[in-house]
Amino acid sequence: IPVEDFDLVIFGATGDLAHRKILPGLFRRFVAGQIPETSRIIGAARTEQDDDAFRAEAAKAIVEFAGVKKNDPDLVRFTGLLGYTAIDAKGEGGWKALKARMRKGAVHAFYFSVAPSLFGDIAERLHGHGITDKHSRIVVEKPFGRDLETARALNTMLAQHFREQQIYRIDHYLGKETVQNLMAVRFANILFEPLWNAQFIDHVQITVAETVGVSGRGSYYDKSGAIRDMVQNHMMQLLCLIAMEPPYHFDPNAVRDEKLKVIRALEPVEPSDIVRGQYQPDGKEPGYLEDAENPDSRTESYVAMKVRISNWRWQGTPFYLRTGKKLRARTSEIAITFKEPPHSIFDDTGAPRANELVIRLQPNEGMNLKVMIKEPGPGGMRLVQVPLDMSFADALGPEGADMPDAYERLIMDVIRGNQTLFMRGDEVEAAWAWTDPIIRAWEDGKQRPEPYDAGSSGPEEALRLMHRDNRRWREIR
Ligand code: BG6
């Protein structure tokens with residue numbers, strides 16, 4: 001279904017995110033017939049260049065990152081939608097010209113794909129020049145602050161010019177098809193929800209493992225570390241979607257209210273429940289210190305933690321979270337381990353008895369439910385655990401294999417005016433309020449992160465986090 005006619009301004013249009021994600025994402029939606037041909041996409045950045053130069057730049061990025069041919073007729077049509085205005089974010093240059101480009105009657109959206117230090121300057125000038133009004137929408141990228149105080153300051157600043165309903169804070173994990181699917185699995189099936197609590201679930205593991213390191217973006221990453229870069233936002237969102245109560249409707253505030261309640265119910269994390277790691281050189285490839293270009297860095301490229309949620313549903317069921325760079329494989333998954341049946345009527349077979357539901361977020365998106373069955377054969381009643389394994393690609397055919405990128409979905413939601421998959425201001429602040437003490441304790445301490453080999457599953461210490469609870473991490477592969 002096509003969205004309404006729109007004018008989208010991308011601040012930072014010459015930057016990496018615009019090249020890799022925003023422009024290719026828009027192009028794909030255009031090819032899918034979702035973007036009206038009358039719409040305008042206006043690049044805005046410091047570089048002085050004209051419309052044609054930006055069109056050529058955008059086409060090059062789309063060829064590279066969306067895998068289309070240079071002379072693809074769709075690409076030619078798409079670049080016809082593009083324009084460019086050079087803008088001085090901290091001065092007055094370009095703003096009048098930008099205003100002149102905005103059409104009456106179209107949806108107006110402004111994408112802040114710039115350093116957060118420029119958010120204030122841009123918001124003020126948009127407002128001051130009368131380019132935005134109470135219907136305009138703004139999109140802000142992460143990082144949204146680096147602690148509670150800075151996030152609050154950002155929220156306060158944005159609130160001077162925009163209402164909450166106009167602000168779209170991106171967490172691209174929420175745009176991933178399989179992440180949205182968590183809600184479908186939980187709330188569109190009767191099978192799982194009755195068991196979805198501490199009475200029946202032993203524990204939950206959330207893993208986001210990456211094979212990439214931080215080289216090339218060390219200057220950003222070294223000031224963030226895994227907790228700011230991944231836990232405060234992406235991991236927290238996954239945790240919320242697994243742990244939240246059913247919202248009364250799939251509606252922006254109903255969903256976000258429930259997520260917020262989960263974050264508020266998180267217990268402070270004990271220092272003994274967290275392990276931080278940093279990857280080491282492996283003879284072939286450099287380690288974190290070299291990648292981050294900071295030989296003294298104590299920043300973590302890996303974190304594992306045990307999290308408790310203090311509410312009726314989850315009392316006694318721990319959530320184990322881990323995420324890291326340069327690990328053995330790229331894999332994101334959520335594994336729910338159920339409790340064993342209270343009593344076995346079969347003679348012990350030694351087979352594991354706990355059911356497990358694994359939701360694979362990426363790659364090879366799918367679900368795997370481990371169930372017990374009788375082992376075939378005349379040898380008595382032996383049990384064996386087998387997977388009910390489904391890959392979405394197999395189940396859904398080509399459409400299941402060809403999942404739209406998170407940004408495609410999210411940008412279209414901005415134009416549609418649907419905030420369900422965006423973070424509300426209070427949610428972001430609550431997430432920082434929970435991570436701040438963890439970060440502060442590390443910064444005050446002198447401890448170094450635990451070393452781990454590049455290409456491994458993370459530091460040894462993280463294994464202990466599980467072993468002492470008589471549990472095991474799932475293998476990363
Ligand atoms: C980003 C982080 O938000 O998410 C990166 O800044 C990380 O460090 C990335 O690599 C992971 O996203 P995805 O979509 O590749 O899982």
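Residue numbers count from 1 along this sequence. Read the numbers this way: they start at 1 and go in the same order the structure lists the ligands and their atoms.
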Basic-acidic side-chain contact under 4.0 Å: Glu64, Arg20: no
Asn181 side chain to Arg186 side chain, donor-acceptor N/O pair below 3.5 angstrom: no
Flag, side chain of Arg448 to backbone of Arg298, donor-acceptor distance under 3.5 Å: no
Residues Glu443 and Arg228 bridged, charged N to O under 4.0 Å: yes
Contacts of type salt bridge (charged side-chain N to carboxylate O under 4.0 Å, His left out), residue Arg29, not counting sequence neighbours: Glu408
Protein residues that have a heavy atom under 4.0 Å from any atom of ligand 1, sorted by chain and number: Lys142, His172, Tyr173, Lys176, Glu210, Arg217, Asp229, Met230, His234, Lys325, Arg330, Gln362
Between Asn253 and Arg424: side-chain donor-acceptor atoms closer than 3.5 Å: yes
